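In the text below, chain A, chain B and the rest are named by the order of the sequence lines, each starting its count at 1. Computed from heavy atoms alone, side chains included, the values below leave out hydrogens, waters and symmetry copies. Source: prediction; values computed, not measured.
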Number of protein chains: 2
Amino acid sequence: MPEEQTTRRPTVYDVAQEASVSIASVSFAFRRPDKLSEATRERVLDAARRLGYAPSGAARGLARGRTGILGLHAFDLLLERADPRAQPLSGMQSPALDAGGVIAWDQTDDDVLSDPRAFPLYVDEVQRGFELECWALGRPVMLSSGSDADVSVADTVGRVDGLAIFPSPQTAPTLARHTPSIPIVLFSAAPADDPHHRVRVDNARGMRDLVAHLVEEHAATDIAFVGRLEATDAVERRDAMIAELEARGIRPRLDSIDATVRGEDELVPQVRALLAGGRMPRAFVCATDQNAFTLLDVLAAEGVRVPDDVIVTGFDGTLGSRLTTPPLTTVRQPMEAMGRAAARILAGTAGSPPRGKTFDVVFEPRVLVRGSCGC
Amino acid sequence: MPEEQTTRRPTVYDVAQEASVSIASVSFAFRRPDKLSEATRERVLDAARRLGYAPSGAARGLARGRTGILGLHAFDLLLERADPRAQPLSGMQSPALDAGGVIAWDQTDDDVLSDPRAFPLYVDEVQRGFELECWALGRPVMLSSGSDADVSVADTVGRVDGLAIFPSPQTAPTLARHTPSIPIVLFSAAPADDPHHRVRVDNARGMRDLVAHLVEEHAATDIAFVGRLEATDAVERRDAMIAELEARGIRPRLDSIDATVRGEDELVPQVRALLAGGRMPRAFVCATDQNAFTLLDVLAAEGVRVPDDVIVTGFDGTLGSRLTTPPLTTVRQPMEAMGRAAARILAGTAGSPPRGKTFDVVFEPRVLVRGSCGC
DNA sequence: TTGTAGGCGTTATCAG
DNA sequence: CTGATAACGCCTACAA
C-alpha cells in the first residue's frame, strides 16, 4: 500500500535519545561533521542507521529558508511534445501492474514512445544539460509542469531556490512577480524588459549561415518558410531569413506555411496547393526539426523528391534529424550547454550579470550540412 | 545576484493582511477553493498576485507530513554514463557567462554531449517514462544523485514521498531501512528478499529469443559473451545465454570478455588475443548496447568486418543502436513503460501488490533484428 | 464562512 | 559538546 507510512518517521529526537546525545548533535552529525568529535558523530550516525532516520527535507527547508533544489518547469503545452501522434498520455495503455505474470510487449506502447521524432527533442536535450550541471553541483533538480495559471506557477516557485522555464508567450508577466524572491531563467525567449535571466541562441546568425549555404552552394533563392509563428523563436528565424535574402538582393517569398508540430492536417493542403499552382519553391526552410519531419512525410506522400525536387532544412539539430531520409540539413543549438548555463546562473556559479542587469547568455548555433539540401 | 532574496518572501500573513482576511482563508483559497465564497477567494488570490506570494512548499510539506514529490535517484556511478570519453563533467568547458557577447561554438563541448552513444541511454529512457507518468499525475519529480553513503541516501529519502532507484549492488540493504517510511522501487534488480518493489525486464526471455535467432537463422553456435559481470543484469543475461545454448545441445564457450562501458582499453587486448589465437567466435553477444558500441569500434580498428567475419549483438535497444554501422541487432526493453510503472507504484495508482507482497513487475523484451547479425 | 491556536521537524542561537 | 528555546510558514481541527 504505497504512500502510507507504516511507521512514524523517526525524528532528531528519536535519534538523539537512541544515541544519548542532544538533538543539536544529531543535526551537526549530518550538516556539520567537522563540529563534532569523530566518536559522537559515529554514534549518532549509527543510531540514525538503526532507526532508519532520514532528515526531513521539508523541515530543513523551512528552517533554512531555502530548499537547495533547482527547478525546471514546462508548461502543459509542451507536454504534447511527448507524443507525436497527438495522443494524450492518459490515452495510452496502462497495463495492470497487479495482475502478476509478465507484461506483454503490445501493452507497452513502445513503438510510439521510442520514436526518435518524439524524443529526445530540443526540450529534452536542454533538460539534460540542466541535470548534468546540477549533478555536478550536487544539487537536486525538481521537474514540474502545469498550466500558466498563477496558482500553478506559484506552487512551483514555492518549492525551489531558482527556476528555469520553457516559457509560453504569456508567461513572463506572471513570473515577474516572483523574481524578487527567486531567480528565474527563461530559455529561448526574446529579450524584453523584464527581470528574468535569459539563455538563448543567436537565431539570426544561424539562419544567416543557413541561407548563405543554400544560396551559395545550391543556388537556391526561391525559399519558403515553414513554421508556426506563434513562437517567438519561429518569428525570429523567419525574419532573419527574409533579412538575409534581401541583403543578398533576393526578393523573398512572403507567404510562409503554417505547420503544426503534430499531424499533417494543415500542411497537406498547403503543399498540394503549391504543387497544383506550380508554385513549389526550390527550398523549404523550416522553423524547427519537427516541422521538417512533418513536411518530409507530406512531401513523400505527394511524390515530391527531396532534395532533387525540393530542398528541406530544419532547425535545432535534434537526434531525429539524423534519422530522416534523407538526413536533415539543420541548424544545431548547443542545447546541453544552454541547460548547463541556466543551472549555473540559478546556482550562483556563473559570476555576476553584466552591467548590474540580468544575464542574457547567447550561444552561437552551427549549421549541420546533410543530405536534405543536396550536399 | 542569484540565490539571494532581494525581498523577504511574502507569507500567508502578508496576504491575509493585504486581503483583510484570516490566514486560514488564504490557505483555503489555494487548497480548498470550495470552502470559500467566490468573492473572498478572488480577493485573496488578487492580493497574492499583487504581493507575488508563493506558498512555501517546505512549510506545506512539514505541516502535511508529505511533500507530494516523487523521487528518482541515480548513484554517482551512473553519472559516468553522461560522458562517453570518461571525462568528468567538471573537466568540460564552462564558458564564462558574464563576459557578454555571443558564446562561441567551440566552447560548448557540443560534439561530446550530443553523441548518441551517450544519450539517450537506458537510464534516460526509463527516466523519461517516469517523468511522463508523473506529469500525467500532476506530480513533481525530484532528480537526485549521490554516493550510496547512508547520509546521502537519507537526505534524498527525506525529501520525497516515494523513491525510484537505479540500484548499485550494495544499495538494497541501505535502502531497506527507509522502506517503512516511504515506498521504494528498484529498477532492473534481481528478485531478493527485501521490502522493495521491483520493475524489470525478463532478461532470460530476451536472451533466449536472441540466441534462438542467431542459431536458427544464422547457424551461429560459437558465441562469446561480452560484458561486465558486476551488474546483476549482465549475469542474468550471460546465464540465460548459456542455458539456452545448452538446451539446444550446444556446448557454450565459457570464457566471457570483460568489457568496460567506457574506453576500449580492456577490450582491445582480449580481442587481439582471440584473433591471434584463431579463436574468434562466430558471434559476440554483448550484455548492453554500450558494450556493443565499444566492441564495434575495436573490431573496426582491427579490421574485422561485421557481420561478415563476426556477428555482434547488443541489449537494451537504445537509440544509439540504430546509428551504428551496421545497425545493431539488439534486445529492446520497454524502458518508458518501466519508468511509468515505477511512478504508478509510488503514486499508489497501480493497485495493490499481489499476495500482499511487494510489486515485482516484469516486462517482456523484444528482439530487434538489424544488420549486425547479418539480416 | 471566518478566525484562533497548536503542531509539523529542523536549524540556529546562546548560555552553560 | 549539551540543552533549551525560538523561529520557519503552513495546515487544520475547533470554536465562533
Side-chain angles (χ1 to χ4, degrees), chain A residues 5 7-45 47-48 51-69 151 154-155 157-161 181-182, chain B residues 5 7-44 47-48 51-68 151 154-155 157-161 181-182:
Chain A
Q5 320 182 17
T7 320
R8 190 178 68 86
R9 281 154 117 128
T11 73
V12 266
Y13 293 97
D14 301 317
V15 178
Q17 183 167 35
E18 174 84 10
S20 321
V21 297
S22 72
I23 62 165
S25 304
V26 176
S27 183
F28 280 156
F30 280 82
R31 309 288 159 222
R32 296 241 187 296
D34 47 303
K35 305 212 95 181
L36 234 48
S37 76
E38 180 62 22
T40 52
R41 202 172 84 81
E42 255 330 304
R43 197 143 51 90
V44 171
L45 291 182
L51 267 38
Y53 167 73
S56 152
R60 174 149 30 101
L62 222 207
R64 289 231 263 233
R66 52 228 186 69
T67 61
I69 302 179
V151 174
D155 256 15
V157 169
R159 293 170 180 282
V160 298
D161 291 346
S181 47
I182 62 168
Chain B
Q5 320 182 15
T7 320
R8 191 178 68 85
R9 290 186 193 205
T11 72
V12 267
Y13 293 96
D14 301 316
V15 178
Q17 184 167 33
E18 174 83 7
S20 321
V21 298
S22 73
I23 62 163
S25 303
V26 176
S27 182
F28 283 156
F30 279 83
R31 309 290 156 219
R32 296 242 189 295
D34 46 303
K35 307 211 92 180
L36 235 45
S37 73
E38 180 61 21
T40 53
R41 200 172 85 82
E42 255 330 303
R43 198 143 51 90
V44 171
L51 267 37
Y53 167 73
S56 152
R60 175 150 29 104
L62 223 208
R64 291 230 262 233
R66 51 227 185 68
T67 62
V151 174
D155 255 15
V157 169
R159 293 170 179 283
V160 298
D161 290 347
S181 47
I182 62 168

Just how far, in rounded Å, is [atom2] of [N] from [atom1] of [X]?
X	N	atom1	atom2	value
R32(A)	dT10(C)	CZ	P	16 Å
R41(B)	dT1(C)	CZ	P	13 Å
R66(A)	dT10(C)	CZ	P	18 Å
I23(B)	dC11(D)	CD1	C1'	9 Å
Q17(A)	dT2(D)	CD	C1'	16 Å
D155(A)	dG9(D)	CG	P	17 Å
L62(A)	dC11(D)	CG	C1'	12 Å
R31(B)	dT2(C)	CZ	P	18 Å

Among the candidates [options], find the nucleotide nearest to the side-chain atoms of [X].
X	options	answer
S25(B)	dT2(C), dG9(C), dG9(D)	dT2(C)
R60(B)	dG9(C), dC10(D), dT5(D)	dC10(D)
A24(A)	dT4(C), dG3(D), dT11(C)	dG3(D)
S37(B)	dC11(D), dA12(C), dT1(C)	dT1(C)
S56(A)	dG3(D), dG9(C), dC10(D)	dG9(C)
V21(B)	dC10(D), dT2(D), dG3(C)	dG3(C)

By nearest heavy atom, map S22(B) and A58(A) onto DNA chain C; which one lands nearer the 5' end?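 Looking at DNA chain C, the more 5' nearest nucleotide goes with S22(B).
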
Just N and O in the side chain of S27(B): are any of them under 4.0 Å from OP1 or OP2 of dC10(D)?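 No, outside the criterion.
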
Does R9(A) form a side chain to side chain contact (heavy atoms under 4.5 Å, CB included) with I182(B)? I'd like the steps, not just the answer. CA-CA 9 Å; R9(A) 281 154 117 128; I182(B) 62 168; 3.7 Å; yes

Would you indicate what L36(B) reaches in the nucleic acid, counting non-hydrogen atoms under 4.0 angstrom: base, sugar-phosphate, or nothing?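 Answer is sugar-phosphate: L36(B) comes under 4.0 Å of backbone atoms only.
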
Hey, does Y53(A) reach any base, or is it just sugar-phosphate, or nothing, if we go heavy atoms under 4.0 Å?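 Counting heavy atoms under 4.0 Å across all strands, the contact made by Y53(A) is with sugar-phosphate only.
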
With a sphere of 6.0 Å drawn around CD of Q17(A), does it hold more than 12 non-hydrogen atoms of other residues, nucleotides or ligands?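 12 or below, so no.
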
Using every non-hydrogen atom in the two residues, find where A154(B) and A54(A) come nearest and quote the distance to one decimal.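 Looking at all heavy atoms of both residues, the closest pair is O-CB, 3.4 Å.
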
Just verifying a value: how many Å separate S27(A) OG and R60(A) CZ, rounded to the nearest 0.5 Å?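 One gets 9.0 Å once the value is rounded to the nearest 0.5 Å.
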
Within the structure provided, determine whether R41(B) and V21(B) are in side-chain contact (heavy-atom separation under 4.5 Å).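 They are not in contact (no side-chain heavy atoms under 4.5 Å apart), so the answer is no.
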
